[in-house]
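Down below is the structure, laid out as structure tokens.
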2 protein chains.
Amino acid sequence: MTDHLLTPAEMADAVGVSIDTLRYYERENLISDVGRAANGHRRYDAGDLAWIRVLRCLRDTGMTIDQLRHYCELGEQGDATKPERLTMLRDHRAKVEARKAELDRAIELIDHKIDIYLHEDDEGATS
Amino acid sequence: MTDHLLTPAEMADAVGVSIDTLRYYERENLISDVGRAANGHRRYDAGDLAWIRVLRCLRDTGMTIDQLRHYCELGEQGDATKPERLTMLRDHRAKVEARKAELDRAIELIDHKIDIYLHEDDEGATS
DNA sequence: CAACAACCTGGAGTGCACTCCAGGTCAAGC
DNA sequence: GCTTGACCTGGAGTGCACTCCAGGTTGTTG
């Protein structure tokens with residue numbers, strides 16, 4: 001790991017969220033032990049960057065703030081909680097897969113609807 | 001199409017939403033011309049059922065109420081708007097595909113994280 | 001040294017999509 | 001004839017995840 005530290009603006013840019021969101025996550029205990037510069041400004045390290053990327057990945061795929069907080073709490077409780085964290089990840093992975101399957105079914109229905117538009121000659125029933 | 005009419009409770013059950021949600025959609029002009037029984041209670045027909053299924057499919061995949069309202073307005077304006085409605089469906093389809101790709105990338109990251117848990121012997125950097 | 005940019009804090013506000021509620025109607029069953 | 005259940009209306013409330021704001025500090029820049 002390099003020892004390059006990121007400012008809030010740089011981190012926001014790197015992970016694609018606002019600075020406010022970063023602070024919000026910290027308030028919600030999803031990010032801990034963020035370093036500070038002499039003037040009190042936050043300085044994020046490479047570990048923070050990696051974690052926030054994972055955090056965003058989990059959020060983007062529907063894990064709630066509450067669940068993420070729980071995951072973080074487990075992390076803070078040490079190695080004994082690894083199995084539970086692993087279970088959370090696996091469960092979440094399964095949910096994401098299930099979601100993909102839902103999207104596939106939706107695409108089929110949308111395609112069907114598109115086909116109807118394409119082959120419709122009359123019949124005004126659309127609503 | 002059969003002429004069997006559904007009560008609000010039956011419709012809610014058939015499409016997997018609450019009766020309140022059904023009424024909400026109607027207020028937002030996403031469902032129009034719902035029939036009524038003599039006592040003023042709603043009676044949904046087969047066309048309503050088909051449309052509400054499509055509506056739910058689009059909502060479930062991220063189309064907003066505003067966009068759906070626009071789609072409905074187009075429908076009410078007649079055949080001249082068919083190309084625009086088709087474009088909306090195709091654009092939305094593309095978004096759903098894009099979302100699927102995002103989920104795939106997320107799954108890769110989750111798998112990577114799971115691997116780290118599995119191959120971790122020491123190294124306490126987690127949070 | 002004044003202005004400006006980047007950040008700080010605690011707390012209030014926002015947008016979306018529902019979800020719930022009070023008060024009322026109507027038809028069927030005991 | 002009274003209760004029960006399903007439904008009606010307009011409007012208020014909820015939960016989530018941010019997002020914004022006021023008021024303040026610090027450090028650089030012309």
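To find a chain, count down the sequence lines: A is the first, B the second, and so on, and within it residues start at 1. Side chains included, hydrogens not; waters and symmetry mates left out as well; all remaining heavy atoms used.
- Within the 4.5 Å cutoff, the side chain of B:K100 has heavy atoms near those of the A:I107 side chain.
- Rounded to whole Å, atom P of C:dG10 lies 13 Å from atom CD of A:E28.
- As rounded to whole Å, 18 Å separates atom P of C:dA6 from atom CE of A:M11.
- For the residue pair A:E84/A:T81, the side-chain donor-acceptor check at 3.5 Å is not satisfied.
- One can place CD of B:E26 at 11 Å from C1' of D:dC8, the figure rounded to the nearest angstrom.
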* List the steps, then state whether side-chain hydrogen bond (donor to acceptor under 3.5 Å, both in side chains) holds for B:H92 with B:T61. => CA-CA 9 Å; B:H92 187 67; B:T61 50; 2.7 Å; yes
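- Across the protein-nucleic acid pair, B:D13 atom CG and D:dC7 atom P stand 11 Å apart, rounded to whole Å.
- Residues forming a salt bridge (charged side-chain N to carboxylate O under 4.0 Å, His left out) with A:E102 (at least two apart in sequence, or on another chain): A:R99.
- Distance A:R43 CZ to D:dG27 C1': 11 Å, rounded to the nearest Å.
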* Structure fact -> Heavy-atom contacts, protein to nucleotides 12-27 of chain C, under 4.0 Å, summarised as B (base), S (sugar-phosphate only) or - (none) per nt, yield -----BBBB-----S-
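- Looking only at distances, no side-chain donor or acceptor of B:H41 sits under 3.5 Å from a matching main-chain atom of B:A37.
- In this structure, B:R59 has no salt bridge (charged side-chain N to carboxylate O under 4.0 Å, His left out) partners at least two apart in sequence or on a different chain.
- Of the residues in residues 93-101 of chain B, not one places a heavy atom less than 4.0 Å from an atom of DNA chain C.
- One interatomic measurement links the two molecules: CZ of B:R36 to P of D:dA6, which rounds to 18 Å at whole-angstrom precision.
- Close to C:dC7, at under 4.0 Å from its OP1 or OP2, lies no side-chain N or O of A:R42.
- Using a 30° and 60° split on the angle between ring planes, B:W51 and B:Y71 fall in the parallel class, below 30°.
- With sequence neighbours left out, the salt bridge (charged side-chain N to carboxylate O under 4.0 Å, His left out) criterion links A:R36 to A:E26.
- Within the nucleic acid shown, B:A37 has no heavy atom closer than 4.0 Å to any nucleic acid atom.
- By the side chain to side chain contact (heavy atoms under 4.5 Å, CB included) test, B:Y24 is found to be paired with B:E28, B:I65, residues two or more places apart in sequence or in another chain being considered.
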